[in-house]
Peer 1: 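My questions all concern the structure below.
Residue numbers begin at 1 in each chain, while the letters A, B, ... track the order of the sequences. Values in this document were obtained by computation on a predicted structure and should not be read as measured data.
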Amino acid sequence: MSSQLNEEQRSAIHHIDTPLLVLAGAGSGKTRVITYKIAHLVKNRVLLPEHITAVTFTNKASREMKQRVDKLLRGIDTKGLHISTFHTLGLRIIRREKSRLGLRSGFTIYDQQDTLSLIRELLRKDFGGKTDLEDYIRWKISGWKNSSLTAEQVINNSTDTKEYTAAQIFLKYDQCLRTYNAVDFDDLISLPAQLFSRDEQTLSGWQQRIRYLLIDEYQDTNTAQYQLIKLLLGDRKGLTVVGDDDQSVYGWRGAQPENIDLLLEDFPDLRVIKLEQNYRSATNILHIANTLIANNPHKFEKRLWSSIDRGEKIRVLGSRNADHEAQKVVSRILHHRFRTNLPYSDYAILYRGNHQSRPFERVLMEHQIPYKLSGGTSFFERGEVKDIMAYLNLLVNPDNDTAFLRVINTPRRGLGPGAMEKLTGFATERGVSLFSGCYESDIRDHLGKKACIGLSNFCDWINSISERVSRGDSMAAIREMINDIQYRQWLDRQYPDPNIAESRWRNIEELLDWLERLDRKNRQNSLAQQLNHITLMDILDRQTEDDNSNAVNLMTLHAAKGLEFNHVYMVGMEEELLPHRNSIPDSLEEERRLAYVGITRARKSLTFTHAATRRRYGELLACEPSRFLEELPNDYLEREGEQQESAEEKKERGNAHLANLRSILTE
DNA sequence: GACCGTGGCTTTTTT
DNA sequence: AGCCACGGTC
């Protein structure tokens with residue numbers, strides 16, 4: 001197996017005496033080092049599989065890593081080997097240590113939407129609804145948690161009133177989560193980190209369990225994650241991290257590429273290995289990638305080289321507008337495929353924002369070309385899926401007030417905002433959840449008779465279903481629950497268009513199918529565990545289980561990280577899009593890295609496209625080609641459809657300029 | 001409580 | 001342009 005590795009890769013795999021940092025350029029075999037290292041550790045019995053934990057940042061990456069390790073270790077028992085995302089590792093720790101964290105079994109994971117609605121609720125209670133604060137506060141709380149800070153720690157350190165308000169909400173927010181028996185995404189990292197730093201005994205238990213830790217995409221770690229890594233390692237040596245500071249694109253969610261420097265400071269015996277040979281891209285592609293990223297400042301000098309041939313020139317395609325851009329790209333793919341007969345999965349269309357996929361989806365659909373869409377409005381953000389998920393969460397954790405409020409009057413039970421206002425006040429006063437509040441003996445003194453009957457019917461009903469769930473056949477109980485509430489009929493009433501109602505119902509069936517499959521796969525897991533699992537996953541994770549491997553890949557640049565494709569189309573290469581308008585001028589370096597990530601996904605060919613006009617919020621705008629295109633060496637590029645502007649394009653551009661002027665004048 | 005129309009907001013990236 | 005929340009009407 002080691003014959004397939006170069007010298008640096010081999011030494012990275014065999015080095016286990018001290019902590020190891022692998023600085024690996026794009027396409028230099030980063031994941032290969034981790035997977036081969038795991039295989040080496042297991043095969044040569046350096047460690048038991050159960051003592052090895054490997055961590056990635058996305059579900060996709062972790063699934064891929066699992067598959068590759070399985071392949072290398074075919075026939076060998078890997079029981080207990082843990083490969084997961086950072087957040088799933090956190091969940092694993094929290095599940096085992098829940099009693100030390102003030103959580104009970106059946107706890108719920110709040111996603112951003114849940115988080116936002118809880119913050120909104122708190123703001124409404126305290127400030128009568130200053131809605132302009134909620135985004136700021138959510139961002140602030142998340143930032144604090146990413147730095148592993150608690151509300152108590154930040155409340156006395158706020159520099160202005162706005163921050164102080166956020167800190168106060170933070171305190172209440174965390175108290176609420178504990179009452180609701182819930183944690184949020186950020187807690188999955190910060191709670192274990194905080195627990196380990198205050199409880200040595202628990203920590204040492206986990207150090208026994210995790211004796212070798214491997215981290216992929218290390219440049220994306222935030223402060224809390226680094227703290228967790230450091231605590232788990234202690235003064236031991238079992239750590240391999242692999243990263244590339246040129247591919248750090250998660251600064252906005254707290255990633256600290258400086259954590260690479262911290263390793264050098266914190267571990268004096270750290271070994272550093274650089275991987276500089278690229279095995280992925282044609283030399284032309286690699287060259288423009290190097291040229292672009294050279295415009296960013298660098299701490300670690302890295303020179304990526306490759307022995308693959310030059311390949312074709314890089315194409316730059318101009319187009320009139322987003323639809324025209326999509327037509328051009330799709331027709332290129334069709335022609336290319338006609339000549340080469342490659343599978344559709346060899347092609348990828350990469351863009352900055354999810355909304356950019358729409359025109360491409362339309363054109364691909366028109367041509368009946370199969371495509372696979374990553375990201376976008378997540379399955380679990382859909383209202384109907386949220387409804388049913390809320391019901392399911394309530395079954396395993398009735399104290400989850402956010403779920404309670406979501407479903408109490410959906411479908412209508414005559415328990416409207418008025419009654420809920422009273423119930424919330426009552427429950428807050430008692431310091432209990434809404435559900436428990438309904439069972440307080442004197443609730444009748446605080447709410448109307450009708451509301452009390454409705455609530456007690458509802459709670460009894462939830463209890464009866466949840467009893468059936470815990471007795472065994474959870475799927476049957478769930479289906480009956482959905483039948484009880486007549487959800488299908490509710491959808492029909494909500495959406496007069498039968499097609500829409502039907503498609504929403506299909507989403508519910510898909511959710512149930514998925515649950516059923518999970519249930520069959522992991523019989524020993526409780527419904528609560530399955531739900532936690534699902535919250536951390538995405539529908540993509542089941543799509544890819546299906547066979548649509550012969551499909552064009554559509555995804556954001558962020559989602560493309562860690563992947564590679566033979567033929568890559570980077571679309572929307574325009575100012576305000578890449579670099580994104582909100583990143584100008586402060587985060588240009590990260591935007592440049594994002595472009596770098598996109599370019600280095602390509603193996604054989606790379607095509608950039610940009611449009612002369614684009615609609616934003618229905619308004620026509622003139623667009624300029626991205627500055628990043630200007631930074632590329634012209635001799636490597638082949639420009640088409642942009643030098644000589646056609647009459648039609650001129651007209652279109654003129655229209656856009658007029659529209660711009662008009663909007664300026666009317667402002 | 002159901003059904004409609006208007007108006008406001010959206011689009012940065014993910015666990 | 002499209003989605004959703006809100007308010008008015010029945």
Peer 1: When all nucleic acid strands are considered with a 4.0 Å heavy-atom cut-off, which category describes A:T58: base, sugar-phosphate, or nothing?
Peer 2: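 Sugar-phosphate: the residue A:T58, judged by heavy atoms under 4.0 Å, touches backbone atoms but no base.
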
Peer 1: Would you say A:Y569 and A:T609 are linked by a side-chain donor-acceptor pair, where the criterion is simply a distance under 3.5 Å?
Peer 2: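 The criterion, which ignores hydrogens and geometry beyond distance, is not satisfied for A:Y569 and A:T609.
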
Peer 1: Counting any heavy atom closer than 4.0 Å, what does A:E590 reach on the DNA or RNA strands: base, sugar-phosphate only, or nothing?
Peer 2: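 Touches nothing.
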
Peer 1: Tell me, which of residues 246-258 of chain A have any heavy atom that sits under 4.0 Å from an atom in DNA chain B?
Peer 2: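 Here the set is A:Y250, A:W252, A:R253.
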
Peer 1: Rounded to the nearest Å, what distance is computed from the CZ atom of residue A:F185 to the P atom of nucleotide B:dT15?
Peer 2: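 Going from CZ in A:F185 over to P in B:dT15 covers 8 Å.
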
Peer 1: Using whole Å, what does the distance between atom P of nucleotide B:dT13 and atom OH of A:Y351 come to?
Peer 2: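 From A:Y351 OH to B:dT13 P: 10 Å.
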
Peer 1: Check whether A:E590 reaches the backbone of A:G251 with its side chain - one donor and one acceptor, N or O, closer than 3.5 Å.
Peer 2: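 Confirmed, A:E590 side chain pairs with A:G251 backbone.
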
Peer 1: Who passes side-chain contact (heavy atoms from CB on, under 4.5 Å) against A:D387, sequence neighbours left out?
Peer 2: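 Counting only residues at least two positions away or on another chain, A:D387 forms a side-chain contact (heavy atoms from CB on, under 4.5 Å) with A:R406, A:T410, A:Y487, A:W490.
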
Peer 1: If I take atom CG in residue A:L188 and atom P in nucleotide B:dT14, what distance separates them, rounded to the nearest angstrom?
Peer 2: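 Atom CG in A:L188 sits about 18 Å away from atom P in B:dT14.
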
Peer 1: Please tabulate the protein-to-nucleotide N/O contacts below 3.5 Å involving nucleotides 2-5 of chain B, giving atom names and distances.
Peer 2:
{"unit_1": "B:dA2", "atom_1": "OP1", "unit_2": "A:R493", "atom_2": "NH1", "d": "3.3"}

Peer 1: Where along residues 574-582 of chain A does a heavy atom fall under 4.0 Å from DNA chain B?
Peer 2: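 Listed by number, they are A:H580, A:N582.
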
Peer 1: Rounded to whole Å, how long is the line connecting atom CG of A:D216 with atom P of B:dT15?
Peer 2: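 Rounded to whole Å, this separation is 14 Å.
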
Peer 1: Looking at A:N354, I'd like to know whether one of its side-chain N or O atoms comes within less than 4.0 Å of OP1 or OP2 on B:dT14.
Peer 2: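 Yes, such a contact exists.
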
Peer 1: Does CZ belonging to A:R95 count more than 12 external heavy atoms closer than 6.0 Å?
Peer 2: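 More than 12 within 6.0 Å, yes.
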
Peer 1: Please report whether the ring centroid of A:F57 lies less than 6.0 Å from that of A:H87.
Peer 2: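 So the answer is no for these two rings.
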
Peer 1: Which atoms of nucleotides 1-7 of chain C (N or O only) lie under 3.5 Å from a protein N or O atom, and what are those distances?
Peer 2:
{"unit_1": "C:dA1", "atom_1": "N6", "unit_2": "A:Y617", "atom_2": "O", "d": "3.2"}

Peer 1: When all nucleic acid strands are considered with a 4.0 Å heavy-atom cut-off, which category describes A:F86: base, sugar-phosphate, or nothing?
Peer 2: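 Result for A:F86 = nothing.
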
Peer 1: Under 5.5 Å between ring centres and under 30° between planes: true for A:H355 and the base of B:dT11?
Peer 2: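 Yes.
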
Peer 1: Check side-chain contact (heavy atoms from CB on, under 4.5 Å) between A:L103 and all other residues, then give those that pass, not counting sequence neighbours.
Peer 2: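 Counting only residues at least two positions away or on another chain, A:L103 forms a side-chain contact (heavy atoms from CB on, under 4.5 Å) with A:I94, A:K98, A:L101, A:F107, A:R178, A:N181, A:V183.
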
Peer 1: Taking the six-membered ring of A:Y596, is NZ or CZ of A:R593 closer than 6.0 Å to its centre and within 45° of its axis?
Peer 2: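 Not flagged: A:R593 not positioned over aromatic ring of A:Y596.
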
Peer 1: Between B:dT15 atom P and A:W139 atom CH2, what is the distance in whole Å?
Peer 2: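 Answer to the nearest Å: 21 Å.
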
